[in-house]
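The structure appears right after this line, and notes come after that.
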Number of protein chains: 2
Amino acid sequence: MRPKNKTRELIARTALTLFVEKGIDGATIRDIATAAGIAEGALYRHYPGKDALAWELFISNYTAFALELHRIQAGQATLRAKLDAMVRQFCAFFDQDPVLFSYLLLAQHGQLQKVTPEMPNPVEVVREVLAAGMDRGEIPAGDPNVAAAMVLGIVLQVAIFKIYQRLTQSLTSLAEVLVEACWRVLAGSALITS
Amino acid sequence: MRPKNKTRELIARTALTLFVEKGIDGATIRDIATAAGIAEGALYRHYPGKDALAWELFISNYTAFALELHRIQAGQATLRAKLDAMVRQFCAFFDQDPVLFSYLLLAQHGQLQKVTPEMPNPVEVVREVLAAGMDRGEIPAGDPNVAAAMVLGIVLQVAIFKIYQRLTQSLTSLAEVLVEACWRVLAGSALITS
DNA sequence: TAAGTGAGTGACTGTTCACTCACAATATAG
DNA sequence: CTATATTGTGAGTGAACAGTCACTCACTTA
């Protein structure tokens with residue numbers, strides 16, 4: 001018989017891998033239990049259910065992150081300043097915890113709504129900020145959903161670069177690069193120049 | 001009673017929206033039928049099943065596209081030349097059919113394997129090309145899955161820009177921009193410079 | 001008017017899922 | 001060593017799913 005905490009960690013690691021690989025809906029409890037080498041019932045000794053497992057893996061660690069994004073959104077700053085603050089927030093958390101990448105990926109794929117309908121979703125927070133900026137004429141009007149997907153996409157893209165270990169700059173300069181990239185695209189100029 | 005073709009088109013349009021929104025697994029037949037304002041059974045008068053519906057929406061139109069990617073992959077050219085040819089292929093199809101974007105999104109999320117286990121998948125084709133390039137020392141070694149996600153990500157990113165109507169250049173120059181972006185990142189230099 | 005057609009219906013099927021529970025195996029305390 | 005508590009097991013359960021089928025009915029044809 002394994003110690004309680006060891007099994008719990010085993011489940012968490014296995015579930016994280018499978019959730020990222022197959023999505024939260026795609027990975028079944030049986031998949032996770034089999035991959036971890038335990039019976040289904042054993043999983044329920046450690047987690048009350050699948051949603052709670054996903055919640056602990058993806059959400060609980062990011063409550064502070066999501067609330068900070070929400071705080072920035074609710075402020076009186078210009079869109080440019082908000083974007084700057086938000087992207088720096090993303091970068092600070094990427095540095096602390098690589099799992100944030102998986103969290104944002106699943107958020108972008110709309111997989112977190114069921115798990116946390118009440119929490120501020122990063123995708124929605126960014127969309128709100130951009131929609132407000134459009135209303136105030138700070139950026140050209142357009143579909144806020146598409147604009148939000150674009151901004152999150154750039155952030156995630158650079159996170160992938162980081163995983164690929166091709167970017168060696170400090171995260172401070174990375175944040176500046178991201179802000180500049182988001183802003184240039186939103187302001188109407190091309191992002192990538194050859 | 002609606003004419004047969006009208007209903008079929010109605011189902012196709014509704015299903016496409018829901019598949020992109022919720023994923024192929026996430027959108028149920030009942031969802032689609034309800035959203036289209038018909039009964040479940042009526043759907044099966046027009047399509048033999050859910051997989052066949054997804055196949056027609058996402059795959060059948062892209063057989064030529066996927067086979068062309070596969071042909072480029074199997075050739076003897078350098079990685080640089082293959083990347084160039086592939087990205088131009090993506091751009092040519094983005095121009096022809098905006099649904100390609102949804103198709104690639106679902107491919108990236110691993111939702112097409114069940115529908116077409118036998119077809120060459122764009123994500124896998126790109127991964128194979130990059131893995132071969134790593135083996136031959138044309139680019140730095142790394143996880144081919146991450147590298148493929150990165151390249152596809154850049155392509156999709158520019159497709160989003162296009163949707164957002166911030167890029168007005170012709171697709172020919174867009175292709176050049178994409179090739180350059182993919183190549184610079186893979187070769188080890190930063191993509192975005194401020 | 002009468003007979004034929006086929007799109008549309010919704011209760012039904014078997015399957016898969018998350019989750020439960022009676023029980024077994026093992027650890028720990030007295 | 002025995003008694004109790006804790007952890008692990010996997011068959012069982014109901015809900016939700018994709019897919020089926022006997023039937024309806026608006027419409028066409030004779």
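Chain A is the first sequence line, chain B the second, and so forth, proteins listed ahead of strands; every chain is numbered from 1. Below, each value reflects all heavy atoms present in this structure, side chains not excepted, and no hydrogens, waters or symmetry copies.
Note on residues 46-58 of chain B: pairs passing salt bridge (Lys or Arg N to Asp or Glu O under 4.0 Å), not counting sequence neighbours, are B:Arg8-B:Glu56.
Straight-line distance from the CD1 atom of A:Ile32 to the P atom of C:dC19: 10 Å, rounded to whole Å. In this structure, CD of A:Glu9 is placed 16 Å from C1' of D:dT7, rounded to the nearest angstrom. Between the P atom of D:dG8 and the CZ atom of A:Arg8 lies a distance of 12 Å, rounded to the nearest Å. The nearest whole Å value for the distance from the CG atom in B:Asp25 to the P atom in D:dA16 is 18 Å. One atom, NE2 of B:His46, and another, P of D:dT20, lie 15 Å apart when rounded to the nearest Å. Atom OH in A:Tyr44 sits roughly 18 Å away from atom P in D:dG12 (whole-Å rounding). Regarding B:Lys6, its NZ atom lies at a distance of 19 Å from the C1' atom of C:dG6, rounded to whole Å. Note: CD1 (A:Ile11) to C1' (D:dG8) measures 11 Å, nearest angstrom.
Shown here are the salt bridge (charged side-chain N to carboxylate O under 4.0 Å, His left out) partners of A:Glu68, two or more places apart in sequence or in another chain: A:Arg71. The side chain to side chain contact (heavy atoms under 4.5 Å, CB included) test applied to A:Glu21 returns A:Thr17, not counting sequence neighbours. Remark: A:Ala74 engages no residue in a side chain to side chain contact (heavy atoms under 4.5 Å, CB included) (not counting sequence neighbours). Among residues two or more places apart in sequence or in another chain, the side chain to side chain contact (heavy atoms under 4.5 Å, CB included) test is passed with B:Ala15 by B:Phe19, B:Ile32, B:Leu53, B:Leu57. The side chain to side chain contact (heavy atoms under 4.5 Å, CB included) search around B:Arg30 returns B:Thr28, B:Thr34, B:Glu40, not counting sequence neighbours. For the ring pair (Phe, Tyr, Trp, His ring centres under 6.0 Å) test, residues two or more places apart in sequence or in another chain that qualify with B:Tyr62 are B:Tyr103.
Using a 4.0 Å cutoff on non-hydrogen atoms, the parts of residues 48-56 of chain A near DNA chain C are A:Gly49, A:Lys50, ordered by number.
Here the side chain of A:Glu138 pairs a donor or acceptor atom with the backbone of A:Leu79 at under 3.5 angstrom.
A salt bridge links B:Arg88 with B:Asp84; the closest basic N to acidic carboxylate O contact falls under 4.0 Å.
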Do nucleotides 9-16 of chain C as a string where each nucleotide becomes B, S or -: B if the base has a protein heavy atom under 4.0 Å, S if just the sugar-phosphate does, - if no protein is that close. BB------
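Among the protein residues, A:Ala27 comes within range of the sugar-phosphate backbone only, with heavy atoms under 4.0 Å from sugar or phosphate atoms but none that close to a base.
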